[in-house]
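All heavy atoms count here, side chains included; hydrogens, waters and symmetry mates do not.
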Amino acid sequence: MIKGVLLDLAGVIYDGEDTVPGATEAVARLHEAGLLVCFVSNTIRSNKQTVLDRLARLSFSVTSDELFTPAQAARNWLRKHERSPHLLVHPDLIQEFQGLEGSRGKAIVIGDAGDAFDYEALNAAFRELVDGAELLALAANRTFRDSDGKLSLDAGAFVAALEFASQRDAIVLGKPAPAFFRSALATINCTEGEAVMIGDDAETDVAGALRIGFAHALLVRTGKYRHGDEGRFEPAPTATLRDISAAVDWILAKRREAG
């Protein structure tokens, strides 16, 4: 029986500054059906409060506990391992890491730093890695859909550059890291076998969730989806659907089948 749903944000419930048609009603139907919902995002250009404010403007009522982000996962990791952050992130995300000081050295925290991805910043991070810092990647996505509607280079290429130069492997904290999905599920007290993931990224959202045992993962043809994505990665989506409304129809039908 399906108990909980993880919902990606950008490209699934909103696209740019607009709500995906039918998304508000679709989320409401999940709640009305008694399903547990957690909003998950690899957004690494905005802090958590900014994301919550954006959702509120788009008429989604979401509490802080219902939203799980890579920055949240990174803070948890830094505290657990007593590391101080060396930040290579977007300026809007810096406040998420205020007050974190560790006694066991540093960790590079790399996200989508935008224009801050210059040689000086990358080389400074590289030198910290050579001196023993850990490498934490908030996400390793290849691309994201930018404000002009086109795909842009995401943080993954810069993570790969630091890995190559330092000969160190990054600890990926956002999707598709298993720990990210499991931490998000823990916030709604749901196991992988009871969960469905809905996303527009066949690699990080869908294949990532299925690899760790999600009951189902649904790919929607909105946001960054491109024709043929459903066949590019393994495991393949449980189903590929028009949008979040169709995905919710699928989930509710599956629950009715289960009785």
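Pairing each heavy atom of P176 with each of G208, the nearest pair is CB-CA, 3.8 Å. When all heavy atoms of S46 and L93 are compared, the pair lying nearest together is O-CD1, 3.1 Å. Listed here is the closest heavy atom pair of V206 and A202: CB-O, 3.5 Å. Taking each heavy atom of L9 and S41 in turn, the nearest pair found is CD1-CB, 3.6 Å. Nearest heavy-atom pair across G193 and A215 is O-CB, 3.3 Å.
For E163, there are no side chain to side chain donor-acceptor pair (under 3.5 Å) partners two or more places apart in sequence or in a different chain. Every residue meeting the side chain to side chain contact (heavy atoms under 4.5 Å, CB included) condition with N189, not counting sequence neighbours, appears here in chain and number order: K3. In terms of the side chain to side chain donor-acceptor pair (under 3.5 Å) criterion, W250 has no residue partners (sequence neighbours excluded). Under the side chain to side chain contact (heavy atoms under 4.5 Å, CB included) criterion, D53 pairs with Q49, R57, not counting sequence neighbours. Taking the salt bridge (charged side-chain N to carboxylate O under 4.0 Å, His left out) definition, one finds that R182 meets it with E192, sequence neighbours left out. Annotation: side chain to side chain donor-acceptor pair (under 3.5 Å) contacts of H31 (sequence neighbours excluded): none.
Taken from CD1 in I13 to OG in S59, the straight-line distance is 11.0 Å, to the nearest 0.5 Å. Taken from CG in L78 to CG in L100, the straight-line distance is 6.0 Å, to the nearest 0.5 Å. C190 SG to F214 CZ: the interatomic distance, rounded to the nearest 0.5 Å, is 7.5 Å. Of the inter-residue distances, the one linking L122 atom CG with L162 atom CG reads 5.5 Å to the nearest 0.5 angstrom.
Following chains of ILVMFWY side-chain contacts shorter than 4.5 Å, one cannot reach L241 starting from M197, and the two form parts of different hydrophobic clusters. Under the 4.5 Å side-chain heavy-atom criterion for grouping Ile, Leu, Val, Met, Phe, Trp and Tyr, V248 is connected to L58 within one hydrophobic cluster. I188 and I251 are members of different hydrophobic clusters when ILVMFWY side chains are connected at heavy-atom separations under 4.5 Å. A continuous path of Ile, Leu, Val, Met, Phe, Trp and Tyr side chains, each step under 4.5 Å between heavy atoms, connects L35 with V62, placing both in one hydrophobic cluster. Under the 4.5 Å side-chain heavy-atom criterion for Ile, Leu, Val, Met, Phe, Trp and Tyr, F39 and L218 are members of the same hydrophobic cluster.
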When the side chains of residues 227-234 are checked against the rest of the protein, which donor-acceptor pairs come out under 3.5 Å, sequence neighbours left out?
unit_1	atom_1	unit_2	atom_2	d
D229	OD1	R232	NH1	2.3
D229	OD2	R226	N	2.8
E230	OE1	Y225	OH	2.7
E230	OE2	Y225	OH	3.3
R232	NH1	H227	O	3.2
R232	NH2	H227	O	3.2

Exercise answer: donor-acceptor pairs, residues 125-141 side-chain atoms, under 3.5 Å, sequence neighbours excluded:
unit_1	atom_1	unit_2	atom_2	d
E128	OE2	K106	NZ	3.1
N141	OD1	N42	ND2	2.8

When the side chains of residues 66-76 are checked against the rest of the protein, which donor-acceptor pairs come out under 3.5 Å, sequence neighbours left out?
unit_1	atom_1	unit_2	atom_2	d
E66	OE1	T63	N	2.8
E66	OE1	T63	OG1	3.3
T69	OG1	Q72	N	3.3
Q72	OE1	K48	NZ	2.8
R75	NH1	E96	OE1	2.9
N76	ND2	Q72	O	3.4

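Ring geometry for F117 against F158 counts as parallel: the plane angle stays under 30°, on a 0 to 90° scale with 60° as the upper cut.
Side chain of D205 to main chain of D200: a donor-acceptor pair is present (N/O by atom type, distance under 3.5 Å, no hydrogens or angles). H81 contributes no side-chain N or O that, together with a main-chain N or O of R83, makes up a donor-acceptor pair within less than 3.5 Å. Judged purely by atom type and a 3.5 angstrom limit, S183 has no side-chain atom pairing as donor or acceptor with the backbone of F180.
Between R142 and D154 there is no salt bridge, since no side-chain N of the basic residue sits under 4.0 Å from a carboxylate O of the acidic one. In this structure, D201 pairs ionically with K224, as a charged nitrogen and a carboxylate oxygen lie closer than 4.0 Å.
H216 places a side-chain heavy atom less than 4.5 Å from the side chain of I2. The closest side-chain heavy-atom distance from I244 to L7 is below 4.5 Å. Side-chain contact between F60 and T19 is present, with at least one heavy-atom pair separated by less than 4.5 Å. When side chains are defined from C-beta on, V40 counts as touching C38, because their heavy atoms get closer than 4.5 Å.
The stretch residues 245-259 participates, sequence neighbours left out, in these salt bridge (Lys or Arg N to Asp or Glu O under 4.0 Å) pairs: R29-D249, K254-E257. For residues 6-27, the pairs satisfying salt bridge (Lys or Arg N to Asp or Glu O under 4.0 Å) are D8-K175, D15-R145, E17-R54, with sequence neighbours left out.
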Should L6 and I198 be marked as a side chain to side chain contact (heavy atoms under 4.5 Å, CB included) after you check the CA-CA gap, both sets of side-chain angles, and the distance that decides it?
-> CA-CA 6 Å; L6 298 193; I198 302 177; over 6 Å; no
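Grouped with F164 in a hydrophobic cluster is no other residue, since no side-chain heavy-atom contact under 4.5 Å to another Ile, Leu, Val, Met, Phe, Trp or Tyr is found.
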